[in-house]
2 protein chains.
Amino acid sequence: MTERSSILSTADARRPLVASAAVREFARGGLHGATVADVARAAKISPAYVFKLFPRKEQLFAVALESCFQQVLEALAVGADEAADDSPDSILDAMGDAYAHLIADRTLLMLQVHAQSVAEVPEIGDALRAGLERVTRFAKERSGASDAAVQRFIAYGQLCHLIVTTRVEQIPEEWARLLSEGITHPA
Amino acid sequence: MTERSSILSTADARRPLVASAAVREFARGGLHGATVADVARAAKISPAYVFKLFPRKEQLFAVALESCFQQVLEALAVGADEAADDSPDSILDAMGDAYAHLIADRTLLMLQVHAQSVAEVPEIGDALRAGLERVTRFAKERSGASDAAVQRFIAYGQLCHLIVTTRVEQIPEEWARLLSEGITHPA
DNA sequence: CGCAAGAGTGAGTGAGCAATCACTCTCCAA
DNA sequence: TTGGAGAGTGATTGCTCACTCACTCTTGCG
């Protein structure tokens, strides 16, 4: 595994690194608020080479989104393994906790929110639906919970997105506390 | 098409019309995907005059968002008045139905989704929080439901946003049906 | 009437950014 | 040793768009 240090890399080795940089940059600014130059800078390569690896900006965003959902699924799987017992509710709860922990730094959450707002771009909509399918299927199959419980799991996940994007959790008022109750995790 | 009496309007009369056009245009493309020229065209005035009425694009977006929440609140109020009985659950259900009906054309829903993704713009974040506060307070006070029930009401509203943005309702697969169950309304 | 205040616009300007291209440099297989 | 495939870039292009400004037209008023 110890590669001899050479100056050049390979395109196949670069792509995941660029995708990872893209996750961070697109999470910050969304498809329109982050530039390919931003991603290039974060990945320490030239903008021109980013375009050689991912011919269109939207494709780069879609790949970043896939990476995001991959991380989400892995976190859910780990969380499920740590459930208190193997009742459906316990497993869903454990997955929820794992998700809350994963998105503590807002990056993966913001990327999903931005993706939702540009879901009419075909490649992005496709990636979003694929990710949602994987999460939904996994939650259902791994927990064995009822359809209604899985639906609730996803719904409260979306509420969590709203709370974080609006920073409602930082508002010391009753209506805000009501929304965040049981959702936010202590730092 | 030489209009005989093209009467001048007043800035105060124009602003709501431009805001209404902005709702439509920003709902389509979001803050970055719709241009001020788009809004101007929809409002049938020049881009220059849009800037005279709303000096910055973000301010125009925030005003559009306020208009959106105003419409949402009015719809919730009407819905609540039509509840089967005045138990909290009935009222929340009726509000949910009214909301589903209101956002059938996706416009007001998409504007909220886009707003979420640019909530870090101060004026937009403020408008979003203000709208969310009004909706939450109204749902709680008008229905008299428990905090948990109101939280659930908002959470399923967010799930509804996800379903519509991703067009999951059109996917004839089990996981998609699971998510949409009881949420989507017949056309 | 004369004129001021406000309505409304055409024609820019300058910045930013996706995408392209011609090019150099590195590596390795034969 | 060399040639070709692939890694990687600087410079540029063409366009879009937020925002500005100088200007005209309308209307009400003394």
Side-chain angles (χ1 to χ4, degrees), chain A residues 2-22 24-26 28-65 114 117-118 120-124, chain B residues 1-22 24-26 28-65 114 118 120-124:
Chain A
T2 38
E3 273 298 319
R4 257 271 152 257
S5 74
S6 72
I7 295 177
L8 295 182
S9 179
T10 66
D12 285 347
R14 281 275 192 220
R15 258 181 283 260
L17 300 178
V18 176
S20 167
R24 276 175 275 131
E25 295 303 313
F26 284 133
R28 233 190 354 89
L31 178 64
H32 298 291
T35 70
V36 172
D38 290 335
V39 175
R41 192 174 322 111
K44 298 191 197 340
I45 62 176
S46 69
Y49 193 40
V50 173
F51 278 104
K52 212 163 253 179
L53 295 172
F54 300 95
R56 299 186 315 109
K57 193 193 189 187
E58 291 79 10
Q59 184 185 336
L60 177 56
F61 189 102
V63 168
L65 189 58
H114 282 127
S117 87
V118 289
E120 76 278 4
V121 175
E123 332 171 51
I124 297 177
Chain B
M1 194 54 181
T2 42
E3 194 71 42
R4 259 288 291 183
S5 58
S6 102
I7 310 166
L8 291 183
S9 180
T10 66
D12 284 348
R14 279 276 192 225
R15 258 181 283 260
L17 301 177
V18 175
S20 167
R24 275 175 275 131
E25 294 304 312
F26 284 133
R28 236 191 350 89
L31 178 64
H32 298 291
T35 71
V36 172
D38 291 335
V39 175
R41 193 176 320 112
K44 299 196 202 327
I45 61 175
S46 68
Y49 194 40
V50 172
F51 278 104
K52 215 163 251 179
L53 296 172
F54 300 96
R56 300 188 311 111
K57 191 193 190 186
E58 290 79 9
Q59 184 184 336
L60 178 55
F61 188 102
V63 168
L65 189 57
H114 282 126
V118 289
E120 75 278 2
V121 176
E123 333 173 49
I124 297 177

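In this text the structure is predicted, and so the values were computed from the model without any measurement. Hydrogens, waters and symmetry mates play no part in the numbers below; they use all other heavy atoms, side chains included. Each chain gets a letter, A, B and so on, in the order the sequences are listed, and its residues count up from 1.
Within the model, atoms NE2 of B:H32 and CZ of B:F61 stand 9.0 Å from one another, a figure rounded to the nearest 0.5 Å. Interatomic distance, CD of A:E120 versus CZ of B:R28, reported as 9.5 Å (0.5 Å rounding).
The NZ-C1' distance, from A:K44 to D:dT9, rounds to 17 Å in whole Å. What separates CZ of A:F61 from C1' of C:dA18 is a distance of 16 Å, to the nearest Å. Between B:F51 atom CZ and C:dG8 atom C1' the separation is 15 Å, expressed in whole Å. Spacing between atom CZ of B:R41 and atom P of C:dT9 amounts to 14 Å, rounded to whole angstrom units. The distance between atom NE2 of B:H32 and atom P of D:dT16, rounded to the nearest whole Å, is 18 Å. To the nearest angstrom, P of D:dT24 lies 21 Å from CD1 of B:I45. When rounded to the nearest whole Å, the span between OH of A:Y49 and C1' of C:dA22 equals 17 Å. Counting to the nearest Å, the P atom of C:dA7 and the CZ atom of B:F54 are 13 Å from each other.
The side chain of A:R14 has D:dG8 as its nearest neighbour among D:dA22, C:dA18, D:dG8. The side chain of A:S9 lies closest to D:dG8 when the candidates are D:dC19, D:dG8, D:dT9. Taking only side-chain atoms of A:A48, from C-beta outward, the nucleotide of C:dA7, C:dT20, D:dG8 with the closest atom is C:dT20. Closest contact between the side chain of A:A11 and the listed nucleotides D:dT26, C:dT9, D:dA7 involves D:dA7. With D:dA18, C:dG6, D:dG8 as the candidates, the nucleotide lying closest to the side chain of B:L8 is C:dG6. Set against D:dA7, C:dA19, D:dA22, the side chain of A:K57 has C:dA19 as its closest nucleotide.
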Criterion side chain to side chain contact (heavy atoms under 4.5 Å, CB included) on B:V36 and B:F54, from CA distance to verdict = CA-CA 10 Å; B:V36 172; B:F54 300 96; over 6 Å; no
Test A:R15 against A:V63 for side chain to side chain contact (heavy atoms under 4.5 Å, CB included), laying out the working first.
-> CA-CA 9 Å; A:R15 258 181 283 260; A:V63 168; over 6 Å; no
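Projected onto DNA chain C by closest heavy-atom contact, B:P47 and A:T35 fall at different nucleotides, the more 5' of which corresponds to B:P47.
Counting any heavy atom pair closer than 4.0 Å across all strands shown, A:A40 reaches no nucleic acid atom.
A pairwise comparison of heavy atoms in A:L65 and A:I124 identifies CD2-O, 4.0 Å as the closest pair.
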